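Just so it is clear, the structure is predicted and the values come from calculations on it, not from any experiment. Atoms considered below: every heavy atom in the structure, side chains included; atoms not considered: hydrogens, waters and symmetry mates. In what follows, chains carry the letters A, B, and so on, assigned in the order in which the sequence lines appear, proteins first and then strands, with residues in each chain numbered from 1.
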There are 2 protein chains.
Amino acid sequence: MDNETRTLFFAFFNEIGIIAQLSRTALEARLPKGLTLPHFSVVNHLIRVKNGQTPLALAKAFQVPKTTMTHTLNGLVEHGFVEIRPNPEDGRSKTVWLTETGRRFRDAAIKSIDPDIDAFRAQYPEDRIRDLVPSLSEIRALLDANRD
Amino acid sequence: MDNETRTLFFAFFNEIGIIAQLSRTALEARLPKGLTLPHFSVVNHLIRVKNGQTPLALAKAFQVPKTTMTHTLNGLVEHGFVEIRPNPEDGRSKTVWLTETGRRFRDAAIKSIDPDIDAFRAQYPEDRIRDLVPSLSEIRALLDANRD
DNA sequence: CTCCATTGGTACGATATCGCACTAAATAGT
DNA sequence: ACTATTTAGTGCGATATCGTACCAATGGAG
């Protein structure tokens, strides 16, 4: 393979990786101690997408192994942010439901993150982000499909 | 803040996070067992950028805490991929040098990853990636600068 | 109905990541 | 020169991540 091509793709995925790392760190700095990006993401997902999802559905939504999701959900249960109930449609499965405490946690997190978004938006305009998302979404879907 | 704005930025960073995760997993599947993306990245960096860097310089290049870099370098030393020598210019510091084994590891890794890049490139053309990199690079630099 | 392959979830162990505290060397201020 | 501060690296403990093995429920084939 052409070396410049390889360098280009490495540079691309490298930038992606560093942005992921920096944004994650920035977000976690706003969360109460002991809570991580996955904790916030799951709660946010339950609000924005659908409450009462199964653990496996959540694991797939975030592209993590199911054991990792089990661990994340245990943390959320310990904090009282979600409740786990049996799945009436499948005895092997469970469902995950937000609690009022979980909603308050999410609202507080949003409130403390908003200023950071504003600051970032002032330096990198919303419209430019809007232009990037479809490309990234397509790339994400391709990588996901290529995964065996 | 406008809710749609917030959703947009969350979507953006979410796509970034998932791409980072999927690409990392895909790369690590090609590496010998026990070796991770950071291991490969450091070796690659020593070849592409500069041999004989200090651990702290490497930590900064990859935006990880220095303790994490210490851990990664220990793994590389155990595999015989790098040698650590004192830094003649600073008694507190060290320098990291590739070994011949390390070069071979890197060459073999590249060879096994190239087909994946080719497959991806067939679905998402190189030129579109080339267009994305400057924006991502700018965003990475902004996030890095905003980090206190 | 019985068997067997598949599926959802967890227990456990290995290891990656990272914050905190510490040491030793370098540097700045006086 | 002397002291205080900063800097490079490590030891250690906490915890996030993930692979393997396992169990229980499901669903399909006969």
Side-chain angles (χ1 to χ4, degrees), chain A residues 17-18 20-42 52-79 82-96 147-148, chain B residues 17-18 20-42 52-79 82-96 147-148:
Chain A
I18 293 184
Q21 199 164 2
L22 290 172
S23 61
R24 175 177 185 155
T25 302
L27 185 140
E28 289 182 350
R30 301 300 184 200
L31 298 182
K33 181 166 178 167
L35 292 168
T36 62
L37 170 62
H39 291 129
F40 172 77
S41 298
V42 167
Q53 304 243 43
T54 68
L56 190 59
L58 292 168
K60 284 180 177 160
F62 293 102
Q63 308 287 6
V64 295
K66 51 188 185 168
T67 53
T68 302
M69 186 51 64
T70 299
H71 184 262
T72 302
L73 291 174
N74 284 341
L76 290 174
V77 168
E78 279 161 27
H79 281 86
V82 302
E83 274 178 17
I84 310 256
R85 303 184 204 148
N87 185 344
E89 297 173 8
D90 188 334
R92 297 165 298 181
S93 181
K94 308 191 170 171
T95 55
V96 183
R147 184 176 48 116
D148 315 318
Chain B
I18 293 185
Q21 198 164 3
L22 290 172
S23 61
R24 173 175 188 158
T25 302
L27 186 138
E28 289 183 348
R30 302 298 185 202
L31 297 182
K33 180 165 179 165
L35 292 168
T36 62
L37 170 63
H39 291 129
F40 172 77
S41 298
V42 167
Q53 305 242 46
T54 68
L56 190 59
L58 292 168
K60 282 180 177 159
F62 293 103
Q63 308 286 4
V64 296
K66 50 188 184 170
T67 53
T68 302
M69 187 51 65
T70 298
H71 184 261
T72 301
L73 292 175
N74 284 340
L76 290 173
V77 169
E78 280 162 26
H79 280 87
V82 302
E83 273 179 18
I84 310 259
R85 303 182 204 148
N87 186 345
E89 297 173 7
D90 188 334
R92 297 165 298 180
S93 181
K94 307 191 172 171
T95 54
V96 183
R147 186 175 46 119
D148 318 319

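Dashed line: the shortest gap from a side-chain N or O of B:Thr67 to OP1 or OP2 of C:dC18 is not under 4.0 Å. For A:His71 and D:dA16, the shortest distance from a side-chain N or O to OP1 or OP2 is below 4.0 Å. When the side-chain nitrogen and oxygen atoms of A:Thr70 are compared with OP1 and OP2 of C:dT10, one or more of them lie within a distance under 4.0 Å. In this model, the phosphate group of C:dG9 is approached by a side-chain N or O of A:Ser93 to a distance below 4.0 Å at OP1 or OP2. Side-chain nitrogen and oxygen atoms of A:Arg24 include none within less than 4.0 Å of the OP1 or OP2 phosphate oxygen of D:dA16. OP1 or OP2 of D:dT10 has at least one side-chain nitrogen or oxygen of B:Lys94 nearer than 4.0 Å.
Residue order along DNA chain D, read from the 5' end via each residue's closest nucleotide, puts A:Gly34 first among A:Asp90 and A:Gly34. Along DNA chain D, the nucleotide nearest to B:Asn87 and the one nearest to A:Val64 differ in position, and the one closer to the 5' end is contacted by B:Asn87. Taking for each of A:Thr54 and A:Gln21 the nucleotide of DNA chain C with the nearest heavy atom, the 5'-most of the two is the partner of A:Thr54.
As rounded to whole Å, 13 Å separates atom C1' of D:dT26 from atom CD of A:Glu89. Residue A:Leu37 contributes atom CG, which lies 16 Å from atom P of C:dT17 at whole-angstrom precision. At whole-Å resolution of the value, NZ in A:Lys66 and C1' in D:dT17 are 16 Å apart. Nucleotide C:dG9 holds its C1' atom 11 Å from the CG atom of A:Asn74, rounded to whole Å. Atom pair A:Leu73:CG and D:dT17:C1' shows a separation of 14 Å (rounding to whole Å applied). In this entry the distance linking CD of B:Gln63 with C1' of C:dC18 reads 15 Å, nearest Å. Rounding to whole angstrom units, NZ of residue A:Lys33 and C1' of D:dT15 are separated by 11 Å. Distance CD (B:Glu28) to P (C:dA14): 19 Å, rounded to an integer number of Å.
Candidate nucleotides C:dC18, D:dG9, D:dT17 were compared by shortest atom distance to the side chain of A:Thr68, and D:dT17 ranks first.
Atom-to-atom distance recorded for B:Met69:CE and B:Leu76:CG is 9.0 Å, nearest 0.5 angstrom. Residue B:Thr54 holds its OG1 atom at 11.0 Å from NZ of B:Lys66, rounded to the nearest 0.5 Å.
Between B:Ala20 and A:Gly17, the shortest heavy-atom contact is CB-CA, 4.1 Å.
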Apply side chain to side chain contact (heavy atoms under 4.5 Å, CB included) to B:Thr95 and B:Ile84, showing your working.
-> CA-CA 6 Å; B:Thr95 54; B:Ile84 310 259; over 6 Å; no
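For a distance-only test at 3.5 Å, the side chain of A:Arg92 fails to qualify as a donor-acceptor partner of the base of D:dT26.
Between the side chain of A:His39 and the backbone N or O of A:Thr36, at least one donor-acceptor pair lies under 3.5 Å.
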